[in-house]
Every structure is written in C-alpha cells, then in structure tokens.
Amino acid sequence: MLPTLADVLALDAVHRGSPRVVAGADRLDTRVRWVHVGEVSDIAHLLRGGELILTTGIALPEDPGKLADYIADLAGVGVSGLIVELGRRFVGELPREVVEAAETHGLPLVTLARETPFVQITESVHARIIDIQLEELRASEHLHEVFTELSVEGASPAEVLRQVSRLSSRPVLLENLAHQVLACESSGRDTGTLLAGWEARSRAVAPRERTAYDASSGWLVTMVGARGHDWGRLIVIYDMPPGPRDVVLAERAATTLALGRLLERHQESLERQAHGTILTGILTHAYADPDEAAARARAVGVPLTGRKLISVVLRLAEHDDTALNLQARLGELAEATAAACRDARLPALVGALDQNRVGVLLPLPPRMLAEGALTALAERLRTAFTTPFVLAAGSVVESVRDVRRSFLEAEQVAEAAARQPDRRPFYRLPDLRLRGLLHLLRDDARLQTFAERELGPLLAHDAHRGGDLTGILKTYLEAGRNKAVAAQRAHLSRPAFYDRLRRLERVLDTDLDDVESCLSLHVALLALESFRREIR
C-alpha cells in the first residue's frame, strides 16, 4: 500500500520545514507513487501521475494566468500533490491565483515555511515506498507458496477457505451460481448471523468486474471458474475497502479453487463435499451450537429447523472392486441419491461419510410420514442406480441435537442388512429382528452383564495375549457352526482352525458343539457389537 500525502507530511524530513496545507486539504489521502523535484513550468508532459512535486518556484512564470495553467497541467496528469518551499521566489505566501487554481482542480498544495533539503524528503519517501514494495513482494511470494502447496496437495475448498480466513482475518465464503453456500469460514463471527438471509443478500450484490469490492455490503467478490466456465463466487467480508494485497489473496484463492475442480475427476462434487462437511460436523460435534449446523444447512438450501429429521445411510453391496473403483462408485451413489432427492422434491443433505457409506439427513416435509419419504427415495434411486446397495434409516428425531443418535442407528441397520440383504426397498431397526432388539436394549445393565459373563474371559484372554480368538468365534458362529466354511472364511487350514476352536473351548469352559451354548455366545457377540458401536 503506497503512502498517502498525509503520511509524507508526517515524516520528520517534511515536518522540519513547517508544512502548511493551503489547498486540497480534503485530498490528503491521495497515494504518492514517487517524489520528483522540478523547477521548470513545462514539466507535466514528463510525468505519469501519482508523483509528488517539490519546487522552490524559482523558474515559474511571473504571469498569474500562466501560473494557473501550470497548476492545471499538473492536475491534468494526475500528480498526487505539489509542495512549494517559500523564500526564494514566493515570500510569506503563494499568489492567490495559484491557491485558487489548486482548489479549483482539486490539487493538494502545501507550502514549506523553512528551507528544507529536498534530497532528505525524496530519500525518506522513496525508502518508505521501497520498503512497502518489498513487503508486498514478500507477501505475494508467501501467498504463492501457500496456494501452490494447497493446489499440489489437492486441498478441499474448506481448507482453502481456512487459509484465506487465516491470512485475512476475515470471514470468507464460497457459493455456487445459485447463491447457495458451499463452504464457510466465519473467522470467529456468529455463523447464523453471517448466513442469515444469504441467498437474497447475495443476489443483491452483482459486480460487473470479475473481482470487485461492493461498498454497500462490504463484500470483496471474485468469480471462480476456468476455461470460460464460471461455477461460483468467492466472497471475503471486509469492514473497510480492501487493499491490493487483499485482492491478490482473493484472486489467488479463486484460482486454487478453480484448479482443484479441474483436477477433480473421480471425486465427489463440491456440493457433495459441502453437504458431507456439514454432516460430519454434526456427527463429530464440531459445531458448538446446533443452530450453527442449521444455519449452514439452510445456506445450501436444506431447512432443518422446525422439521422432523430422519437419517439415512447407504452402503454398496460387497464386491471385489479396487479401492479407486469403490470410491468412484460411492461418488456416483452420492450424486444419484442427491438427484433422487431432488426428483422427489425432498431437500436433503447428501454426502459421503467415509469410503464405504453415503449419509443423508432428510427433513420430512409437513404432513409426510417417514415411510412415504423413504419409499419415494428408494424407488427413484433404484431406478437410476443399478449397482446393488442397501438403504437403511434411523429413527425420526425432532432436532439437530438428536441427529447423531439417529445416524448411529442407521449405520448399524445398514451394516447388518448389507450382510444378508433380502431385496427390501429400505431397512429400519425393526427389520433387524434380534439385532434390532439388542440395539434397543443396549443401555440395559442386565444385557451388558450377560455379555460380560459370556465373553469376559475371552476378551481378557485376547487383550492379554494380543490374539483374536473373539474373531474366530464370530466367524464360526456366522458360518452356522460349519467348521469347513468357517476355516475358509478365516483363511486358515482346517487343522489350524480346529486348534483355535479347542483353545476357545478351554478359555470359555464350554462345548462349542452344544447348540444352546453357541446361541448364548452369538447373542452376547451381537450385544457387544451394539455396545461398541454406540460408544464410537
């Protein structure tokens, strides 16, 4: 940021000359690009604008009209100001014609009452200008390093916005062309207030340039896109007009976001990332206030407040695809689910929860039951997405505070249903039969005591020895006590598997050929799964 004329007048080298502003006092915020000493009257054609002119006036014309033309010529090329040292040509004060011409043309005019070495002024101002330019160069280099690293690492939009907010100490948002917020970094401000009425406020800000500051809203807005295809806007909120460095920061961030999207091929869309970030924030208690989660959801077009909410988890059926193919298929499932929700007129948060699951938070429309919404979603999704998957739903809850519990329930339902799918459109807790019952009783101390009594010695043995006999028991029981099948699933030879079964019998002091004993152990294992899932 170049120094202003007021900054120059505050310098010791100028202050010693007893400066006095005689015209253009309201223009002292004019930036000084350079300082130039000039005694001739026809200097204007040698200037480019932004210079501060120093003169004793010794070679200026006598004619008042020519003096006025001299002032007009300087103002015409855009000099930042004129400083005249009194004593050599003008004694005491400047001619009235000079002062009036400066006021007429809006040129700041300053007199120095004492003799002042101009070289000290030029050295002081130029040193400050060079220091500022060096600082800007260092800042620009730092921005280049930061955003180049983000680009190379394939940083998410949320991470890019975090860096912009950190570097600017300002709130920053990324929205799509429908004025829905894809990512938001509030920089300590109340998120609900920041996002209140966002779409209407955003539509009212429509700068003509690709990057511009809107003074009425305090928004620095830059378009985001590449190859002539814009897809969003980056908005940094300021309390005062931003400086050149702020503009560079916004534009560099927009370029990084655009590059990230160009490189995005097998990854989920920005909308899915935005939805997934909100879902993850709710599930991990990242938002200190549930109202913040509701405000972020509302900003992407999903109203959560005042609605009954139901959580849905979708899992792909088991197959042998590579991890890359699984990720691509999961992304396709998320996009297909979002499209099915739109087609069914069900606004919802849809995003990947991890590499195996897609999560959906569905606000139920007024007077619509959960069964109807789930049926509409399942029918449309199974028509559009042919790869086998399981759709599981949790309980209906009344507020965002209870969404995590609903999601945990949906996760357990999805995991259980994925093992033995029976082609139902969707699954809920009652469909799990014994698993559902155990889930409902998971907080009952009697069930916990039963599981501990049945499995305690085995769990203690595994913890002490670092083994996994519990996993062997689970494999054996899930194989219907078929030892050959269980050995194959455990990737062990039959003799090795039989040896582990004998060790199990010794640790548990039970007969694994006894049906009732195995049933009791199986129930205890299912109960243990339910406890551990709830803790997670």
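Both backbone and side-chain heavy atoms feed into the values below; hydrogens, waters and symmetry mates do not.
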### Pair Arg128 + Asp131: basic N to acidic O under 4.0 Å
no
#### Entry: Side chains of Arg252 and Thr148, donor plus acceptor under 3.5 Å
yes
### Message
Looking at Lys474 and Asp462, is there a salt bridge between them, counting it only when a charged N and a carboxylate O are closer than 4.0 Å?
### Response
no
### Message
Within the 4.5 Å heavy-atom criterion, are Arg298 and Leu304 side-chain neighbours or not?
### Response
no
### Task
Determine, for Glu159 against Arg162, whether the closest basic-nitrogen to carboxylate-oxygen distance falls under 4.0 angstrom.
yes
### Query
Quick one: do Glu371 and Arg428 make a salt bridge, cutoff under 4.0 Å?
yes
### Query
Tell me the ring-ring contact (aromatic ring centres under 6.0 Å, His included) pairs involving residues 194-219, sequence neighbours left out?
Trp198-Trp219
### Query
With side chains defined as the heavy atoms from C-beta onward, is the minimum distance between Val302 and Pro363 less than 4.5 Å?
yes
#### Entry: Presence of salt bridge, Arg210 and Asp230, under 4.0 angstrom
yes
### Query
How would you list all residue pairs meeting side chain to side chain donor-acceptor pair (under 3.5 Å) that involve residues 299-314, not counting sequence neighbours?
Ser311-Ser406
### Query
Do side-chain atoms of Arg315 reach the backbone of Arg357 as a donor and acceptor pair under 3.5 angstrom?
no
### CZ/Arg401: more than 12 non-hydrogen atoms of other groups inside 6.0 Å
no
